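Note sheet for the following structure.
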There are 2 protein chains.
Amino acid sequence: MTENLLENLLRKNGLKVTKGRKEVLRLMEKRKDEPMKAEQVYDLVPREICSSLSTVYRILNQLSQKGLLKSTLYQNGIMYYQYNSGEHRHYIVCSKCGKVAALENCPMDAFDNYIRKDTGFDITGHVFELTGLCPDCKEKLKSGK
Amino acid sequence: MTENLLENLLRKNGLKVTKGRKEVLRLMEKRKDEPMKAEQVYDLVPREICSSLSTVYRILNQLSQKGLLKSTLYQNGIMYYQYNSGEHRHYIVCSKCGKVAALENCPMDAFDNYIRKDTGFDITGHVFELTGLCPDCKEKLKSGK
DNA sequence: GTGGATGCAAACCATTTGCACGCCA
DNA sequence: TGGCGTGCAAATGGTTTGCATCCAC
């Protein structure tokens, strides 16, 4: 994503353009397929651009509030952030090795109307977190761990 | 659930029978439809049976490990516990008033095989958390908040 | 120049843990 | 009676916040 696009995206959302915000946004867009926690982001940002973990948290939260990022609290108690490309995706995480795979479709879509009818609720969001064993770990387990 | 069933259930799972564990298990079974957080459980247990919040946490975690309870970390950062009746259910929570409704079916079931084929993962578990507006809040919003 | 952005350290808060005491098997 | 369960207080750890300083506009 070009320098200009980044800056416009920030300005359009009422955020002042700073080195930190630009860097975090660029980084999240580059790794749009990988949900990341604050510490990972912090480790990827050069210290001279942003030297404080709390600032990374502040930036991630601002970008999330503006809808530029999506954030999800995983069952391990850690918040993961991801560039919001507008696509709606879910991931499955291997409970042994941590490998991540993306789902092609969201199982929810087909059930949206059904649930609306079933419960009378309007669905405004959902979290869908899968755990499982990836093919590699399955293989290793079979051959005696 | 009778006194005896409770005690057997604990013993069968290798847990010593204590007043605290019995009381928590009884309580969770009685309210099997309502996911509860540790503090709620603590408030429901008579002080003379269990006087410490940390003990409630310990009991809830033990019962969860043995599979007698299910535990889920919600997006608000709080762990909710629920009696594990073997049924598999999901809930939708109104983001305005907090009302909870149960889903009749689990959207996941239909997708289990599909995801296995899609990603090669064996699914060992999933968290499915919905947020939405209940009919009452929808109504209130329509008529000017 | 000035209000928002950042760095640092301290606060937060749900949950966990260490240790001394007490109770179930 | 011996080991596990409990109570209390202190620790933990990811995240947030207060405040002084700094930078974008």
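Reckoned from all heavy atoms, side chains included, excluding hydrogens, waters and symmetry mates. Keep in mind that this is a model prediction, so the values were computed, not measured. By convention in this document, chain letters (A, B, ...) are assigned in the order of the sequence lines, proteins followed by strands, and residues within each chain are numbered from 1.
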task = Using salt bridge (Lys or Arg N to Asp or Glu O under 4.0 Å) as the criterion, list what pairs up with Arg58(B), not counting sequence neighbours.
result =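 None.
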
Results of salt bridge (Lys or Arg N to Asp or Glu O under 4.0 Å) for Glu34(B) - residues two or more places apart only =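 Per chain and number, Glu34(B) pairs via salt bridge (Lys or Arg N to Asp or Glu O under 4.0 Å) with Arg31(B).
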
If I take atom [atom1] in residue [X] and atom [atom2] in nucleotide [N], what distance separates them, rounded to the nearest angstrom?
| X | N | atom1 | atom2 | answer |
| --- | --- | --- | --- | --- |
| Gln65(B) | dT15(C) | CD | P | 15 Å |
| Leu10(B) | dC4(D) | CG | P | 17 Å |
| Gln75(A) | dT15(C) | CD | P | 12 Å |
| Glu23(A) | dA24(D) | CD | C1' | 18 Å |

request  = Apply the test salt bridge (charged side-chain N to carboxylate O under 4.0 Å, His left out) to residues Glu48(A) and Lys19(A): give CA-CA distance (whole Å), side-chain angles for both, the deciding distance (0.1 Å), then the verdict.
outcome  = CA-CA 10 Å; Glu48(A) 54 290 7; Lys19(A) 278 179 289 180; over 6 Å; no

message = Can you see whether Tyr83(B) has Arg26(B) sitting over its ring - NZ or CZ less than 6.0 Å from the centre and within 45° of the normal?
response =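 No, a cation-pi geometry is absent between Arg26(B) and Tyr83(B).
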
query = If you measure from the Lys or Arg side-chain nitrogens to the Asp or Glu carboxylate oxygens, is any gap between Glu7(B) and Arg11(B) under 4.0 Å?
reply =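 Salt bridge present between Glu7(B) and Arg11(B).
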
message = Between Asn61(A) and dT15(D), is there a contact of a side-chain N or O with OP1 or OP2 at under 4.0 Å?
response =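 No.
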
Heavy-atom closest contact (Leu9(B) atom, Asn13(B) atom, distance) =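 Heavy atoms only, the tightest pair is O-ND2, 2.8 Å.
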
inquiry  = At under 4.0 Å between heavy atoms, how does the protein contact nucleotides 4-14 of chain C? Give one character per nucleotide, 5' to 3', with B, S or -.
reply    = SSBBBB----S

